[in-house]
Amino acid sequence: MLKISNLHARIEEKQILKGINLDIKPGEVHAIMGPNGSGKSTLASVLAGREHFEVTEGSVTFDGKDLLELAPEERAGEGLFLAFQYPVEIPGLTTTNFIKTAVNEVRKYRGQEPLDAVGFLKLMKEKMSLMEMPQSLLSRSLNEGFSGGEKKRNEIFQMAMLEPKLAILDETDSGLDIDAIRIVANGVNRYRNENNAVLVITHYQRLLDYIVPDYVHVLYNGRIVKSGTRELALELEEKGYDFIKNEVAV
Amino acid sequence: MASPDERPGDQIFRHKANLSMNTVENIKEQLNRFNADKKESGLHAIRQNAFLQFDKLGIPGVRHEEWKYTRINALFNKEFRFPYTENNLLRNDWQSLRLPGADDAHELVFVNGIFAPELSTLRTAGDLVLLPLEEAANSELYAKIVASNLGHSSRYAKDGINALNTAWMYGGVFVHVPEKHEAAHPVYIYHITDTRQGNVLSQPRSLVHLGRAAALKVVETFLTIGSQESFTNQVIELIVEEDARLEYYKIQNDGAHASQVSTTHVRQTGKSFAHTVTISFNGNLVRNNLNIVMEAPHCESHLYGLYLLKGHSHIDNHTLVDNVQPNCYSNELYKGVLDEHATGVFNGKIFVRQDAQKTNAYQSNKNILLSDTANINTKPQLEIFADDVKCSHGCTIGSIDTEAMFYLKSRGITEKNARYLLMHAFAEDVLENIKLPAIRSYVDQLISELLEFDLL
């Protein structure tokens, strides 16, 4: 589904990604872990198409298409979703209105008829109960005054509404208490099926107690330096990132 | 209504003189003749006085502090037709110009600055009093109101433009809401300029009076038909007596050949409430003067504005809040989005006179520039002579938030639609103050057209 080959990227003059290789197949959950500054969020940004990041080498294909040639909104249309580490607050735009526009844009891109008010409401209701998304958040301005947990819950709700093939969760657990993590993780687990995939980017292993990965990769200094199964995450938790740094140094 | 033999087009500018170089001289000459002809009118003295003012002040140039960024004198170098007798506007032309909600509104139509009774409709008899201004000035019931209020705006306009309108005052209307009466229908006032036979200068004039504890909603809009140039120099004076409530909306969505100076002068003579929203899209050169004069203690006023411009449009919002008496409250929020080569001016004056202790006056102007070639001049101007007051002002100029833009795009929303959503969101705290649902959705519709939102 997603194939990253030798990906190099920089922001301004600073080279951050220095040759990433990663292959994600439908039905899989991958986790990328790594210390601060290793390039985790840059990878998420490059995949979603954030400006100011320049790809200097390598390629990314998504279901056979050259992802890097697509605009961010086209990537979303193709089925890529990024749950933001810092969701943006937009006063004056209701969450419902935002999501309705997004859903119909994506439907349009996929050649589907736009949903009318009734159809949209029905879809919202269904996903709201699935994602434990309170109605009160939907009529408020997008993310404005939302708690950290509410913002992340809103991200996962958007994911459920847009039904992506690949969801990238960028530090979705940061700033969340255990209860909020559990709700968000439940949402992700309910969305999962054999046709879609999840890429979890996280600093800590605790999120992986709830969203159980098939593969764990350690990103350090712009490269994936170690890959393994869930046990690798537990090992990192126990030993800290220093052991990776030492291994790399050797 | 006005008798046809009084139409000024007969006497004034009978011959479409070549006005290009000597327009102002020409205006003076013709005005002089007009006024000499009309000595018996109840409005003669005020017109004559305004003529002298105009003669003295002339058309303001860029050296005039209040007109520094708005070059109006260049407009007077064009040939204009002035108010003329023939009104070629048919009911059919007019039907397509009506605003949403019109079926439930009193509709007052001005064509080329002159009230057109044949196109106007009062929805329910007795909901309000409507008279030609001239007639009201001579009537037993309303002469006093007219005499003490008509022309009050001239005290706040130290330039020839306001005087020009008053000197020309003809075919205007007087609207009166009786004491303790809440008008059941809003009043829609249409200023239609018909340029199909040439450039037109029109100068509509109205006086609106809300009696004690009366309530009225007013919507004014400006529409030019034909492809020639129009210049509208309009003045509306609204008098709000004790315990009365005024809601006033100005919707400007005229074409690129339409210019206007639009003066809205609100005079709160007793403890009362005034709520104004000024929405400006498109147009060539638009200058709005909004004055709120709070002459009594405990008055409350709200001033909201939104301007959304592209092309070479120019908008100038001059607002003035005059706190004369203590314990008044005013809140002002103007927001603007300027794209392409559009230019904007915001000048917000707040006077707090010596007696106006415990004044609360707030002002904010926020702008977004969408292109490198758009520009805005914004200037708060507070003159405070009392010592126990709360006043604040602030202005911002920014560009579109790229992270917000990316957030929307990452959800599949195209650049154009994302821009629409962000600009609409930016405007929301102005828009939410449009309390007439039909007008609110009309404005929303205009914004989505202007920003080319293509997903509805």
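Quantities reported herein were computed from a predicted structural model and do not represent experimental measurements. Here is the naming used below: chain letters follow the sequence lines, and residue numbers restart at 1 for every chain.
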When A:R75, A:E89, A:E73 are compared by non-hydrogen pairs under 4.5 Å with chain B, the top option: A:E73

Closest-packed option against chain B by number of heavy-atom pairs under 4.5 Å, given A:G92, A:S141, A:A76: A:G92

Exceeds 12 heavy-atom contacts within 6.0 angstrom, atom CZ of B:F273: yes

From A:L47 atom CG to B:S410 atom OG, the distance as rounded to the nearest 0.5 Å: 12.5 Å

A:N143 side chain near B:Y407 side chain, heavy-atom distance below 4.5 Å: yes

Check ion pair B:R411-A:E155 (N to O, under 4.0 angstrom): yes

Exceeds 12 heavy-atom contacts within 6.0 angstrom, atom NZ of A:K65: no

Student check: side-chain heavy atoms of A:T101 and B:F453 closer than 4.5 Å: yes

Within 6.0 Å of NZ in B:K250, more than 12 heavy atoms from elsewhere: yes

Note, B:F426 side chain near A:P91 side chain (heavy atom, < 4.5 Å): no

Worked verdict on B:E403 versus A:F84 for side chain to side chain contact (heavy atoms under 4.5 Å, CB included): CA-CA 11 Å; B:E403 184 62 11; A:F84 278 49; 3.5 Å; yes

Most contacts with chain B, counted as non-hydrogen pairs under 4.5 angstrom, among A:N97, A:V103, A:T94, A:L93: A:L93

Chain B contact residues among residues 105-139 of chain A, heavy-atom distance under 4.5 Å: A:E105, A:V106, A:K108

CG/A:N193: more than 12 non-hydrogen atoms of other groups inside 6.0 Å: yes

Under 4.5 Å from a heavy atom of chain A, the part of B:L408 involved: both

Interface residue of largest heavy-atom contact number with chain B, from A:A102, A:A71, A:P87, under 4.5 Å: A:A102

Whether over 12 other heavy atoms sit under 6.0 Å from B:R245 CZ: no

Per-residue contact mode, A:I99 against chain B (heavy atom under 4.5 angstrom): neither

Stepwise side chain to side chain contact (heavy atoms under 4.5 Å, CB included) test for B:M405 and A:E51: CA-CA 10 Å; B:M405 192 65 164; A:E51 271 178 57; over 6 Å; no

